[in-house]
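Please read the structure below before turning to the comments.
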Number of protein chains: 2
Amino acid sequence: MSLRNALLSLLTVEPMTGYDLYKVFESSVGHVWHAPDSQIYPELKRMESEGLITGQDVQWGQRGKKRQYTITNEGIAEFKSWMNTPLEYARTRDPAHLKAAYLEWADPEAAREQMRRHIAHYQSLLKQWQERIDELEQGTNSMLAKRLKSTPRKDWDATIAFKRFTYEGLVSRAEAEIQWAERGLQLIDRLNS
Amino acid sequence: MSLRNALLSLLTVEPMTGYDLYKVFESSVGHVWHAPDSQIYPELKRMESEGLITGQDVQWGQRGKKRQYTITNEGIAEFKSWMNTPLEYARTRDPAHLKAAYLEWADPEAAREQMRRHIAHYQSLLKQWQERIDELEQGTNSMLAKRLKSTPRKDWDATIAFKRFTYEGLVSRAEAEIQWAERGLQLIDRLNS
DNA sequence: GAAAACATGTAACCGGTTACATGATTCT
DNA sequence: AGAATCATGTAACCGGTTACATGTTTTC
């Protein structure tokens, strides 16, 4: 149900089409939650049929049209209710650490490559997340700017602070993963010397 | 395919039944990779049909019997091949951080509860992972003891070191998550004062 | 005129979860 | 005798991935 609530959270800002939402998933929210268009369109239909959002056909060019979705009061209630419900944590399932536990079965060079990729992966995420923090600091995030327009000024602080808090958490996670893999590289070197 | 390889990794130690494997998933490996019995039994059947393992019916009591699986050479080759293949990283999908980004929508007390549960969740994992490290240090892990018996003494170091490395990574992750959620609690307090 | 972007889906598949179902053995 | 453990599955469902499919509009 997280996709559904990620969509609701975006629609609290302004009405959007499936494609608009897909684009936001590709950029901002996508750094916390990924969803392909093939998942977004059917989910929007379901949400409309359940009354969480309403769709309006909007003319687009001469012949084209697109469907713009607006969140309903039920949708807002649903989102708030999700936000107030404690999260169920899934059992651990971590391929990178599973493989790491048996790295003595890999060729040393493959083991090193594994660690290098782990570093590269989290460095790329680190960069993206750091960029989002920079955007928050400089006020250059357009989704946030739109959101603040419909937010009472007294709540601006909280709105920005929680996003910053989120990305800071992801940044420190990425940093920890990079450090871990670097220790892994040293370990592989030590074992093969 | 990680379940399959987790099963193969365990079967490199000794032949086991589905139930044996299920028990190991409930204890040791389960702290890195979780799998329910309803997933293990069918997967073992598939693996047998693909020649990665062979099953032998073993008498159990008077009337009962159980099926014990032995890894084949193809199974060992498959596992090594997986170990030498770089991991594909899945796109980010992180419910806890997704929710954190919109915590201004939650009631302050629900937000605090969220953070407290995050702390409790990772403290419980931290304890489990720390226990595994203690076991490695004291040599009281029976799966590892069995594994070492069939491992050349010169490779003992690597076998233990990679497991320790894995759990240390998980421990620092858990510590980072706890610190993050504690900052979250402080932030909620600050915003509501 | 062509390419890029906008727009919206369907279908097959895959891994994982939850619930259901059954029966034997061993321990106390 | 009863409880706990050992033992092995099936079935419905759910969320997500990948591939396929199509057409319009805007930009260069």
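Just so it is clear, the model here is predicted, and its values are computed rather than measured. Quick note on labels: first sequence line is chain A, next is B, and so on, each numbered from 1.
Under the 6.0 Å cut-off for aromatic ring centres, B:W180 and B:H97 qualify, their centroids lying closer than that.
B:R67 has its CZ atom 18 Å from the C1' atom of C:dA24, to the nearest Å. Taking atom OH of A:Y19 as the reference point, atom P of C:dA7 lies 7 Å away to the nearest angstrom. When the P atom of C:dA21 is taken as reference, atom OH of B:Y41 falls 19 Å away, rounded to whole Å.
Contact annotation for A:S2: no contact, since no heavy-atom pair falls under 4.0 Å across all strands. Looking at heavy-atom distances under 4.0 Å, A:D37 makes contact with a base.
Below 30°, between 30° and 60°, or above 60°: for B:F162 and B:F165 the angle between ring planes is above 60°, a perpendicular geometry. Between A:Y89 and B:H121, the ring planes are parallel. Angles under 30° get that label, and only those over 60° would be called perpendicular.
Across all their heavy atoms, A:R132 and A:S28 have their closest contact at NH1-CB, 3.4 Å.
Interface limits on DNA chain D: the 5'-most and 3'-most nucleotides within less than 4.0 Å of chain B heavy atoms are D:dT5 to D:dT17.
Inspection of the B:Q68 and B:T70 side chains reveals no N or O donor paired with an N or O acceptor under 3.5 Å.
For the pair B:K45 and B:R93, nearest-nucleotide mapping onto DNA chain D gives the more 5' position to B:K45. Residues A:K65 and A:Q39 each lie close to DNA chain D; by heavy-atom proximity, the contact nearer the 5' end of the strand is made by A:Q39. Two residues, A:K23 and B:Q62, neighbour DNA chain C, and the one matched to the more 5' nucleotide by heavy-atom proximity is A:K23.
When the side-chain nitrogen and oxygen atoms of A:W60 are compared with OP1 and OP2 of C:dC6, none of them lie within a distance under 4.0 Å.
The pair B:E48-B:K45 does not meet the salt-bridge criterion, since no charged nitrogen lies less than 4.0 angstrom from a carboxylate oxygen.
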